[in-house]
There are 2 protein chains.
Amino acid sequence: MEPKRTRARRKSPVRGSAAGNRRIAILKSAASAFRRRGYHGASVDEIASALAMTKGSLYYYFRNKEDILYACHEYSLDFLLHLMREVRDEPIPADQKLRKLILAFVHLILDELQATALTLDPEALSSPLLEKAIAKRDEFDRGMRAIIQEGMDADIFAPGDPKMIEFAIMGAVNLISKWFDPAGPMTSQQIGDAFANYLVGQLAARPGVAAAMRR
Amino acid sequence: MEPKRTRARRKSPVRGSAAGNRRIAILKSAASAFRRRGYHGASVDEIASALAMTKGSLYYYFRNKEDILYACHEYSLDFLLHLMREVRDEPIPADQKLRKLILAFVHLILDELQATALTLDPEALSSPLLEKAIAKRDEFDRGMRAIIQEGMDADIFAPGDPKMIEFAIMGAVNLISKWFDPAGPMTSQQIGDAFANYLVGQLAARPGVAAAMRR
DNA sequence: CTACAGCTTAAACACTCGTTCAAACTCGTG
DNA sequence: CACGAGTTTGAACGAGTGTTTAAGCTGTAG
């Protein structure tokens with residue numbers, strides 16, 4: 001009795017792009033709610049209502065609330081990792097690599113999923129998912145530090161502790177989502193530029209190098 | 001009947017320093033829990049248990065959970081505002097003012113209350129308290145921007161948007177609490193120095209000024 | 001039209017957690 | 001010792017919310 005649990009439990013409905021879009025729409029609504037109220041503060045009902053659905057429907061697309069949170073992280077981390085792998089080996093100086101990554105990060109936060117690896121309470125994830133998310137974030141962290149180190153070795157960045165500098169950059173960018181107001185005077189492009197200018201442009205404090213010829 | 005509600009509802013027990021300490025101890029425990037799990041994710045029971053109390057006791061010191069959160073914000077914001085007022089008019093160059101404030105901020109986050117204005121979900125506060133917290137944070141923000149502007153006017157900082165730079169600095173420092181590990185290799189002092197060096201030292205990008213003669 | 005897969009719904013359940021409160025405890029003072 | 005203010009407790013409650021489920025809807029293929 002009982003027909004063997006339908007084998008694969010029902011594959012997540014990513015078949016037609018329609019269903020995929022629905023999943024993405026849920027992710028965006030969830031990310032927005034998580035950002036505003038925090039993971040525990042945002043209710044599943046809230047996420048669904050913003051899409052004119054009932055909360056029950058969400059369970060057709062995701063196993064549970066935690067699964068939604070993980071999907072948010074995976075979405076943005078995969079985006080960043082993809083870019084990181086691309087940029088890392090390009091034949092351009094380290095400051096330009098850093099700049100590209102920061103711009104993309106700001107864009108991701110403001111225009112795409114309003115999600116970040118740090119802001120969206122990853123600590124709410126439990127064991128198997130948490131490790132996966134941390135592993136991805138670690139890979140990104142390592143890439144960032146390698147680029148910073150590369151810039152220091154090439155003498156286009158002032159010496160310092162790459163780990164601390166990376167934390168500072170990630171912190172600055174991650175928290176943009178906390179104060180950004182889409183109705184405000186600045187576009188995401190302008191914010192990205194301003195942050196990149198400050199965070200990497202000024203890293204080149206060595207006299208006569210790079211910093212001068214921007215824009 | 002009913003004796004007029006004891007006049008002032010029972011003043012918060014700050015009388016003896018013992019009671020005051022208890023309040024502070026609760027704040028520290030709460031700040032730690034809020035930082036780890038978020039405001040909604042941390043339970044009142046959790047905050048009490050860390051102090052070997054029962055959750056009922058907390059209601060002798062605070063009206064409710066939100067009141068505890070507000071006290072956390074007030075504590076750290078008052079600390080920062082006090083320092084800001086002191087530093088603002090000192091006869092030292094802007095970069096040293098900025099440096100002082102950043103160092104104190106890092107110290108506050110790592111050694112004192114593990115609380116910050118941005119990280120500890122201020123949005124969980126409701127109307128009357130939220131406005132008070134925002135007003136204090138705004139005053140601090142304005143002070144920071146004034147100092148940055150001052151440095152630009154004096155030509156010891158490269159030109160830029162003070163608002164964006166201030167957001168970047170606050171974001172970088174605020175998020176320290178998310179990754180800091182007391183058992184890690186760096187002391188809070190070293191972290192503060194590294195952040196100050198990067199965040200303000202690098203602001204001075206004009207050739208031949210300031211940047212050279214640090215340390 | 002009929003059948004059926006895909007999708008949505010409403011209601012119900014189980015559980016956690018913030019808050020209240022009357023009773024109990026502690027300890028310095030008279 | 002007895003009193004009482006200050007402090008703590010444990011139990012109880014009620015509201016909110018994540019999750020399940022069986023039934024219902026919709027549109028497309030036969």
Side-chain angles (χ1 to χ4, degrees), chain A residues 2-3 5-26 29-30 33-34 36-72 121 124-126 129, chain B residues 2-3 5-26 29-30 33-34 36-72 121 124-126 129:
Chain A
E2 201 182 325
R5 227 43 176 112
T6 23
R7 180 81 55 170
R9 181 166 258 276
R10 181 190 294 110
K11 215 51 180 151
S12 49
V14 200
R15 237 191 18 157
S17 64
N21 286 344
R22 207 97 177 103
R23 257 182 81 97
I24 300 274
I26 294 172
S29 171
F34 291 158
R36 291 196 314 272
R37 312 262 257 242
Y39 174 73
H40 296 283
S43 73
V44 174
D45 203 35
E46 190 179 344
I47 298 170
S49 293
L51 298 166
M53 305 170 85
T54 57
K55 58 179 176 175
S57 308
L58 298 199
Y59 288 82
Y60 179 75
Y61 296 94
F62 296 93
R63 260 203 305 283
N64 50 35
K65 193 184 180 187
E66 186 183 342
D67 207 34
I68 299 179
L69 177 64
Y70 177 73
C72 287
D121 330 57
L125 296 171
S126 53
L129 265 34
Chain B
E2 199 180 328
R5 226 47 175 109
T6 24
R7 181 80 56 167
R9 180 165 257 276
R10 177 181 309 109
K11 214 54 178 150
S12 48
V14 200
R15 235 194 17 160
S17 65
N21 285 344
R22 207 99 177 102
R23 255 181 84 97
I24 300 275
I26 294 172
S29 172
F34 291 158
R36 290 196 315 272
R37 312 261 258 241
Y39 174 72
H40 296 283
S43 73
V44 174
D45 202 36
E46 189 180 345
I47 298 171
S49 293
L51 298 166
M53 305 170 85
T54 58
K55 58 178 176 176
S57 309
L58 298 199
Y59 288 82
Y60 179 73
Y61 296 94
F62 296 94
R63 259 203 305 284
N64 51 33
K65 192 184 179 186
E66 186 183 341
D67 207 34
I68 299 179
L69 177 63
Y70 177 73
C72 287
D121 330 57
L125 295 172
S126 54
L129 265 34

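Note that the coordinates shown come from a computational prediction; the quantities given were computed from them, not determined experimentally.
Straight-line distance from the CZ atom of A/Arg23 to the C1' atom of C/dC7: 15 Å, rounded to whole Å. Straight-line distance from the CG atom of B/Leu58 to the P atom of D/dG10: 14 Å, rounded to whole Å. Between the P atom of D/dC25 and the CE atom of A/Met53 lies a distance of 18 Å, rounded to the nearest Å. As rounded to whole Å, 11 Å separates atom P of D/dT7 from atom CD1 of B/Ile26. With rounding to whole Å, A/Asp67 atom CG is found 15 Å from D/dG18 atom P.
For D/dG10, neither phosphate oxygen OP1 nor OP2 lies less than 4.0 angstrom from any side-chain nitrogen or oxygen of B/Thr54. Look at A/Tyr61 and you'll find a side-chain N or O under 4.0 angstrom from OP1 or OP2 of C/dT8. Remark: A/Tyr60 is in phosphate contact with C/dC7, judged by side-chain N or O atoms under 4.0 Å from OP1 or OP2. Phosphate proximity of C/dG6 to A/Arg22: absent, as no side-chain N or O sits under 4.0 Å from OP1 or OP2.
For the atom pair A/Leu58 CG and A/Ile26 CD1, the distance stands at 5.0 Å (nearest 0.5 Å).
Taking the side-chain contact (heavy atoms from CB on, under 4.5 Å) definition, one finds that A/Ser57 meets it with A/Met53, A/Thr54, sequence neighbours left out. Applying the side chain to side chain donor-acceptor pair (under 3.5 Å) test to B/Ser49 and every residue at least two apart in sequence or in another chain returns nothing.
Listed by first and then second residue, the salt bridge (charged side-chain N to carboxylate O under 4.0 Å, His left out) pairs involving residues 43-53 of chain A are A/Arg36-A/Glu46, A/Arg37-A/Glu46 (not counting sequence neighbours).
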Exercise for review: Using a 4.0 Å cut-off on protein heavy atoms (strictly under), produce a 5'-to-3' string for nucleotides 17-25 of chain C with B for base contact, S for backbone-only sugar-phosphate contact, and - for none.
Suggested key: -BBB-----
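Shortest non-hydrogen contact noted between B/Asp121 and B/Gly38 is OD1-CA, 4.1 Å.
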Could you pull out all donor-acceptor pairs under 3.5 Å where a side-chain atom in residues 65-72 of chain A meets a protein atom, sequence neighbours excluded?
| unit_1 | atom_1 | unit_2 | atom_2 | d |
| --- | --- | --- | --- | --- |
| A/Lys65 | NZ | A/Tyr39 | O | 2.9 |
| A/Lys65 | NZ | A/Ala42 | O | 2.8 |
| A/Glu66 | OE1 | A/Ser126 | OG | 3.1 |
| A/Glu66 | OE2 | A/Ser126 | N | 2.7 |
| A/Glu66 | OE2 | A/Ser126 | OG | 2.7 |
| A/Asp67 | OD2 | A/Arg63 | N | 3.4 |
| A/Tyr70 | OH | A/Glu74 | OE2 | 3.4 |

